Amino acid sequence: MKHYEVEILDAKTREKLCFLDKVEPNATITDIKNMFNKSHPEWYPARQSLRLDPKGRSLKDEDILQNLPVGTTATLYFRDLGAQISWVTVFLTEYAGPLIIYLLFYFRVPFIYGHKYDFITSQHSVVHLACICHSFHYIKRLLETLFVHRFSHGTMPLRNIFKNCMYYWGFAAWMAYYINHPLYTPPVFGEDQVKLAVAIFLFCQLGNFSIHIALRNLRPAGSKTRKIPFPTRNPFTWLFLLVSCPNYTYEVGSWIGFAIMTQCLPVALFSLVGFIQMTIWAKGKHRSYLKEFKDYPPLRSPIVPFIL
């Protein structure tokens with residue numbers, strides 16, 4: 001059996017960082033990262049990006065050395081991805097924040113609205129309903145992070161946690177301040193508007209959860225296998241017939257329902273910004289599906305049926 005020699009260079013300076021001798025032909029990129037880590041402990045595997053070209057794409061961890069377009073002496077280029085943090089930690093942090101922050105405003109803790117309003121609950125039932133819905137949403141997200149989601153990548157750059165938390169925590173505080181404000185006024189159309197909004201919110205929350213379960217069942221535990229998602233017997237998954245990312249469609253729908261329920265401008269703006277971001281993600285996933293699967297259903301749109 002022939003063995004490979006692997007030379008690892010810095011992608012920016014072309015400086016030789018490591019030379020690996022007698023590497024098995026069936027070694028994966030993960031194996032090579034672990035070997036490289038032994039000589040450079042400061043660059044743990046999750047922090048490494050190895051590529052065939054200095055400006056090319058990162059090789060996948062599961063790529064096998066002998067299947068790459070290299071000779072028996074392979075040259076790989078290294079880039080430092082920076083300090084990494086697990087996706088689970090990021091999700092738990094960014095979702096726990098809004099849950100706690102909103103409740104601080106709901107219970108009107110001191111120094112928010114003034115002494116005479118400390119711990120005095122609102123007289124409007126929609127305020128209490130909004131708190132229940134908001135709390136339900138983020139508790140659901142926390143539980144899904146712990147028990148449902150299977151991540152294709154174990155980590156992300158540490159800096160992302162600050163950006164993500166500023167977005168989620170900041171909007172949560174802004175929304176909660178106005179919804180729980182002593183001068184808050186209920187929706188114009190009263191209970192009918194609130195009932196319609198709650199129905200939209202709950203419908204979309206159930207739909208979002210159903211899609212997450214369907215996506216989870218596509219990927220065996222511990223694998224990075226990708227398959228085309230199709231509708232199941234659950235009617236909420238039938239949206240897969242029309243869009244590639246119905247979880248985003250339902251997520252946006254939930255926040256539209258919450259905006260109608262509270263009739264609050266910061267909620268509407270949060271919904272709009274979220275829709276824009278999720279559209280970008282959905283288009284990216286849609287392109288990825290089309291590129292990876294030649295038999296991908298042509299009728300599907302990224303996030304909004306027939307439109308977007």
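Just so it is clear, the model here is predicted, and its values are computed rather than measured.
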Q) Is the number of heavy atoms from other residues, nucleotides or ligands within 6.0 Å of NZ (K140) greater than 12? A) yes
Q: Give the minimum heavy-atom separation between I211 and P246, together with the two atoms involved.
A: CD1-CG, 3.6 Å
Q: Show the numbers, then the answer: is there a side-chain contact (heavy atoms from CB on, under 4.5 Å) between L215 and L218?
A: CA-CA 5 Å; L215 292 174; L218 278 181; 4.3 Å; yes
**Q.** Side-chain heavy-atom pair P187, V194 within 4.5 angstrom cut-off
**A.** yes
Q: List the steps, then state whether side-chain contact (heavy atoms from CB on, under 4.5 Å) holds for L20 with E5.
A: CA-CA 6 Å; L20 304 174; E5 295 176 340; over 6 Å; no
**Q.** Side-chain H-bond candidate by donor/acceptor type, T232 with T237, under 3.5 Å
**A.** yes
Q: Determine whether the side chains of K285 and Y248 contain a donor N or O and an acceptor N or O closer than 3.5 Å.
A: yes
Q: Grab the two heavy atoms, one from P302 and one from V243, that are nearest each other, plus how far apart they are.
A: O-CB, 3.9 Å
Q: State, with a plain yes or no, whether a side-chain heavy atom of L242 is found less than 4.5 Å away from one of T249.
A: no
Q: Go through the steps to decide whether R79 and S58 satisfy the test side chain to side chain donor-acceptor pair (under 3.5 Å), and finish with yes or no.
A: CA-CA 9 Å; R79 278 186 179 272; S58 297; over 6 Å; no
Q. Counting distance only, does the side-chain N/O of R216 pair as donor-acceptor with the main-chain N or O of H149 below 3.5 Å?
A. no
Q | Test item: L9 and E15 side chains (from C-beta on) under 4.5 Å apart, heavy atoms | A | no
Q. Hey, what's the ring geometry for F91 with W87, parallel, tilted or perpendicular (30° and 60° as the breaks)?
A. perpendicular
Q: Could you tell me which non-hydrogen atom of N37 sits nearest to which non-hydrogen atom of Y44, and how far apart they are?
A: ND2-CA, 3.5 Å
**Q.** Q123 atom CD, over 12 foreign heavy atoms within 6.0 Å
**A.** no
Q: Look up atom CH2 in W238 and atom CG in N234, then write down how far apart they are to the nearest 0.5 Å.
A: 8.5 Å
Q. Hey, is the main chain of L183 close enough, under 3.5 Å, to the side chain of H181 for a donor-acceptor pair?
A. yes
(Q) Atom CZ of residue position R14 - does it have more than 12 heavy atoms of other residues, nucleotides or ligands inside 6.0 Å? (A) yes
Q.
For a 4.5 angstrom cut-off between non-hydrogen side-chain atoms, does L50 reach I32?
A. yes
Q: Determine, stepwise, if the pair R47 / D80 fulfils salt bridge (Lys or Arg N to Asp or Glu O under 4.0 Å).
A: CA-CA 6 Å; R47 189 166 178 159; D80 181 9; 2.6 Å; yes
Q: Mark yes or no for whether Y184, through its side chain, and T262, through its backbone, hold a donor-acceptor pair below 3.5 Å.
A: yes
Q: Find the distance between NE2 (H124) and CG (N180) and round it off to the nearest 0.5 Å.
A: 11.0 Å
Q. Does any donor atom in the side chain of T28 or E62 lie under 3.5 Å from an acceptor atom in the other side chain?
A. no
**Q.** Output field: ring centroids F78/F36 closer than 6.0 Å
**A.** yes
**Q.** Exam field: side chain N34 to backbone T30, donor-acceptor pair closer than 3.5 Å
**A.** yes
Q. Would a 4.5 Å heavy-atom cut-off, applied to side chains only, mark F19 and V6 as touching?
A. no
Q.
Can you confirm whether or not the ring centre of F230 sits under 6.0 Å from the ring centre of F240?
A. no
Q) Should V126 and Q193 be marked as a side-chain contact (heavy atoms from CB on, under 4.5 Å) after you check the CA-CA gap, both sets of side-chain angles, and the distance that decides it? A) CA-CA 10 Å; V126 66; Q193 180 175 335; over 6 Å; no
Q: Report whether L142 and F147 are members of the same hydrophobic cluster (ILVMFWY, side-chain heavy atoms less than 4.5 Å apart, transitive linking).
A: yes
Q: Working to the nearest 0.5 Å, report the span between OG of S271 and CD1 of I276.
A: 11.0 Å
Q: For T121 and R108, test the side chains for any donor-to-acceptor distance below 3.5 angstrom and give the result as yes or no.
A: no
Q | Shortest non-hydrogen contact between V148 and H212, atoms and distance | A | CG1-O, 3.8 Å
Q: Classify the ring geometry between H134 and F258 as parallel (under 30°), tilted (30 to 60°) or perpendicular (over 60°).
A: tilted
Q: State, yes or no, whether a side-chain contact exists between L52 and L59 at a heavy-atom distance under 4.5 Å.
A: yes
Q: Find out whether I85 and M156 are in side-chain contact, i.e. whether some heavy atom of one side chain is under 4.5 Å from a heavy atom of the other.
A: yes
Q. With the 4.5 Å side-chain cut-off for hydrophobic clustering, are L290 and I280 part of the same group?
A. no
Q) Where the side chain of H40 meets the backbone of L17, is there a donor-acceptor pair that is under 3.5 Å apart? A) yes
Q.
Between H286 and C245, does the side-chain contact (heavy atoms from CB on, under 4.5 Å) criterion hold? Intermediate values first, please.
A. CA-CA 8 Å; H286 185 72; C245 302; 5.9 Å; no
Q. Can you check whether G82's main-chain N or O pairs, donor with acceptor, with Q84's side chain at less than 3.5 Å?
A. yes
**Q.** Heavy-atom closest pair, residues P54 and A11
**A.** CB-O, 3.7 Å
**Q.** Donor-acceptor pair, side chain of S301 and main chain of F306, under 3.5 angstrom
**A.** yes
For residues 165-179, please give each side-chain donor-acceptor pair under 3.5 Å, one per line with the distance, not counting sequence neighbours.
from : atom 1 : to   : atom 2 : distance (Å)
Y168 : OH     : R141 : NH1    : 3.4
W169 : NE1    : T93  : O      : 3.3

**Q.** same_hphob_cluster(I101, Y95) at 4.5 Å side-chain heavy-atom cutoff
**A.** yes
Q: Look at the side-chain heavy atoms of Ile, Leu, Val, Met, Phe, Trp and Tyr, link any pair under 4.5 Å apart, and say whether L196 and I256 land in one connected group.
A: yes
(Q) If we ignore hydrogens and angles and just use 3.5 Å, is the side chain of D63 paired with the main-chain N or O of K60 as donor and acceptor? (A) yes
Q. Side chains of R300 and S244: donor-acceptor distance under 3.5 Å anywhere?
A. no
Q) Any donor and acceptor pair, going by atom type alone, linking the side chain of K16 with main-chain N or O of I8 inside 3.5 Å? A) no
Q: Could you state whether Y138 and I161 fall into the same hydrophobic cluster, counting links through intermediate Ile, Leu, Val, Met, Phe, Trp or Tyr residues with side-chain heavy atoms under 4.5 angstrom apart?
A: yes
Q: Evaluate the side-chain proximity of R51 to S49: yes if any heavy-atom separation is below 4.5 Å, no if none is.
A: yes
Q) Would you find a donor on one side and an acceptor on the other, under 3.5 Å apart, between the side chain of E7 and the backbone of T73? A) no
Q) Out of curiosity, L158 CG to S86 OG, how far, rounded to the nearest 0.5 Å? A) 10.5 Å
Q | Non-hydrogen atoms of P297 and I228 that approach each other most closely | A | CD-CG2, 4.1 Å
Q.
Would you compute the distance between atom CZ of F209 and atom CG of L143 and round it to the nearest 0.5 angstrom?
A. 9.0 Å
Q) Ring centroid separation for H137 and W255, is it under 6.0 angstrom? A) yes
Q: Rounded to the nearest 0.5 Å, what's the gap from CG on L103 to CZ on F105? Could you check?
A: 11.5 Å
Q) Is the F236-F203 ring centre distance short of 6.0 angstrom? A) yes
